[in-house]
Amino acid sequence: MEYQTEGICPICNQRAMLKCNGCKQQFYCKKEHQRQDWPRHRSTCQPWEIRESSELGRYLVASRDLNPDDVILSESPLIWGPALHSDQRVCVGCGKRCKSSSTRCTKCLWPACDANCPGLTDKHRHGLECSFLIKARIIPRCDVLLVIRMLVLWRTKSKYWRSIEKLQSHEDSRGQGTDAYEETMNIYGHIKRFLPDDLSGEDIVHKICGLIEVNALETLPPEGCIAIYETACLLEHSCLANTRHNFKIDDKGRPRIIVKATCSIKRGDHLSTMYTHALWTTRARRAHLLETKYFSCHCKRCVDPTELGTHLSTLKCPHDKGLVLPKDPLNFDSQWGCNLCPGILTASEVKQFIDKLEEDVDEIMYEANKDKLINLLSRLTALLHPGHQQCITVSHSLIQLLPADNPKKAELCKRIIETTKTLDPYGARLALYTAVALRELSTCSGEDRKRLLSEAISLLQYEPENSPGEKLRILIESEL
Ligand SMILES: [Zn+2]
Ligand SMILES: [Zn+2]
Ligand SMILES: [Zn+2]
Ligand SMILES: [Zn+2]
Ligand SMILES: [Zn+2]
Ligand SMILES: [Zn+2]
């Protein structure tokens, strides 16, 4: 990537060589003019810059040192709409879930929250596609709306399309024979009528579905929607990400993303987010990333067989209760070995074993019966490390059912809190999950109730409005 070495000073319009250290994009002729321009430049001075490599494509690095909570970027989406695999009825105007199944846009007859929803006529929202939908006469299906929106941008040669087009779509990995291909053909079949007769629309639909799958972020608010952002989509994945983000509806009704630093970030550090679930095992996270983002994670957590000492994937050896860990966690076919005996399990044996356990856990968790959960947990801990994902999941349900005087309760809470704090040290992903455990622990005798509840409140401070996290925060505040 090339860097500019000179520009024009905004104060005197002269040739300028002095670069702003923050954004590296604004030039000044001299220090004095830079100082003079700062009140104006402050709001646009970005703390990030885009770099490019063959392995990562385009990515973001910090262009100056950042402190926790510093805003890194804030931008409105290039495009947004209902999630691709969603079967929910979402208003085409505002993205809110529809309460009634009979309210519709009076022109195109697609679902709406209210016939007077302001988003229906707004050109940044439904106004964009309504006239196209009237002509195309496609049976309304919310999960294809975003693809249609992007086709409108493409057909109208919108400036938004030019930015979207630059993002990765990985069509080469989404060819015939893949699930992605089948899903795309299903969407293509449904919206074929929308495509102009003189063009083979198949290629563009494949590109659009790739762009959505690889780049779109789930928004909240609105719930159930996804959005593509010009810069935020360049954040690379790490299982130990250094940013968090939330959403705010902007003045045009779109979900604006705000990305903040979770920790101190040094100038030149890569800026990262997490595109998968923090409480999934390394095998599950890496498989999901490879399948949906075509990306192989090599972060500190992924290369560590113990997952940073949490033992989220670790099994117990049936012979000697030793720890059974993958020999190479970055290899899906790796053998698993015991740390006490020469016993070996193949990758597929481990997968079968875990899949079977997961089925049992899902079934019993669904019932949420205290005694059944206690039984299940004791069965699991005979086979798995107590920090294993399945044990943590069951424990988390169980602590909410156990009375405060149960001798096991505090121990289970502490194990959960220790695990989530290691895997998500800044509460960017698991704040609600951890806060629930902190609150349960605070009821146990001998615990510092006030400290634990205050900690839970502080973890929940970033939760979106009206979310379960915010509701819990308000409840705990009233309890304190
Ligand atoms: Zn100047
Ligand atoms: Zn600057
Ligand atoms: Zn609406
Ligand atoms: Zn309409
Ligand atoms: Zn990783
Ligand atoms: Zn063993």
Side-chain angles (χ1 to χ4, degrees), residues 4 7 9-10 16 18-28 31 33-49 62-64 72-73 80-82 88-100 103-106 110-122 124-127 130 142 145 221-225 236-242 249 253-255 267 270 272-290 293 295-305 307-308 310 312-313 326 329-330 422-424 429:
Q4 272 178 292
C9 174
L18 178 67
K19 209 190 297 191
C20 167
N21 255 330
C23 58
K24 298 197 166 52
Q25 286 174 10
Q26 182 66 64
F27 289 85
Y28 298 95
K31 268 261 171 268
H33 280 180
Q34 176 171 20
R35 218 169 292 133
Q36 208 177 322
D37 190 42
W38 181 243
R40 181 203 67 89
H41 179 57
R42 186 209 304 266
S43 62
T44 49
C45 179
Q46 300 156 348
W48 50 267
E49 62 190 60
S63 57
R64 58 171 148 93
I72 297 173
L73 65 99
W80 67 284
Q88 274 165 17
R89 247 182 103 86
V90 173
C91 171
V92 292
C94 63
K96 282 194 197 117
R97 212 172 285 173
C98 295
K99 291 202 181 79
S100 141
T103 28
R104 294 168 184 277
C105 167
T106 50
W110 278 59
C113 62
D114 185 300
N116 296 317
C117 170
L120 292 179
T121 49
D122 183 340
H124 294 285
R125 290 183 276 171
H126 183 57
C130 186
C142 289
L145 184 67
E223 198 182 350
C225 286
E236 70 187 270
H237 167 86
S238 167
C239 302
L240 291 164
N242 55 15
I249 301 296
R254 302 168 299 184
R267 177 177 161 190
H270 291 220
S272 57
T273 185
M274 187 165 193
Y275 286 109
T276 182
H277 201 296
L279 263 192
W280 285 357
T281 63
T282 295
R283 183 175 64 84
R285 286 192 324 279
R286 298 189 82 244
H288 176 242
L289 287 167
L290 200 59
K293 308 288 174 192
F295 173 76
S296 279
C297 191
H298 295 91
C299 73
K300 208 167 91 188
R301 176 174 168 193
C302 282
V303 301
D304 178 353
E307 302 208 25
L308 308 175
T310 61
L312 202 78
S313 311
L330 299 183
T422 308
L423 300 181
D424 180 35
R429 296 278 152 174

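Counting begins at 1 with the first residue of the sequence. Note that ligands are numbered from 1 as they come in the structure, with each ligand's atoms numbered from 1 the same way.
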Vertex the Zn ion (ligand 3), arms to C91 SG and C117 SG, rounded to 10°: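 Value, to the nearest 10 degrees: 110°.
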Whether D37 side chain and H41 backbone form a donor-acceptor pair below 3.5 Å: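 Answer holds: no.
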Apex the Zn ion (ligand 5); atoms C299 SG and C302 SG; angle rounded to 10 degrees: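 C299 SG and C302 SG form an angle of 110° at the Zn ion (ligand 5).
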Metal check, the Zn ion (ligand 5) vs H298 N/O/S, cut-off below 2.8 Å: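 Of the N, O and S atoms in H298, none lies under 2.8 Å from the Zn ion (ligand 5), which means no.
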Contact check: H237 to the Zn ion (ligand 5), N/O/S below 2.8 Å: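 So H237 does not bind the Zn ion (ligand 5) by this criterion.
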Any side-chain donor near an acceptor of the partner, T103 and D114, under 3.5 Å: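 No, D114 and T103 have no side-chain donor paired with an acceptor closer than 3.5 Å.
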Side chain to side chain, C142 and Q88, heavy atoms closer than 4.5 Å: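 Result no, sub-4.5 Å side-chain heavy-atom pair not found.
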C113 side chain near K99 side chain, heavy-atom distance below 4.5 Å: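 They are not in side-chain contact.
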Short N/O/S contact of C98 with the Zn ion (ligand 3) (below 2.8 Å):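 No, outside the cut-off.
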salt_bridge(E307, R285) N-O dist < 4.0 Å: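 A salt bridge is present here (some side-chain N lies under 4.0 Å from a carboxylate O).
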Angle subtended at the Zn ion (ligand 2) by C45 SG and C20 SG, rounded to 10 degrees: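 The two atoms subtend 100° at the Zn ion (ligand 2).
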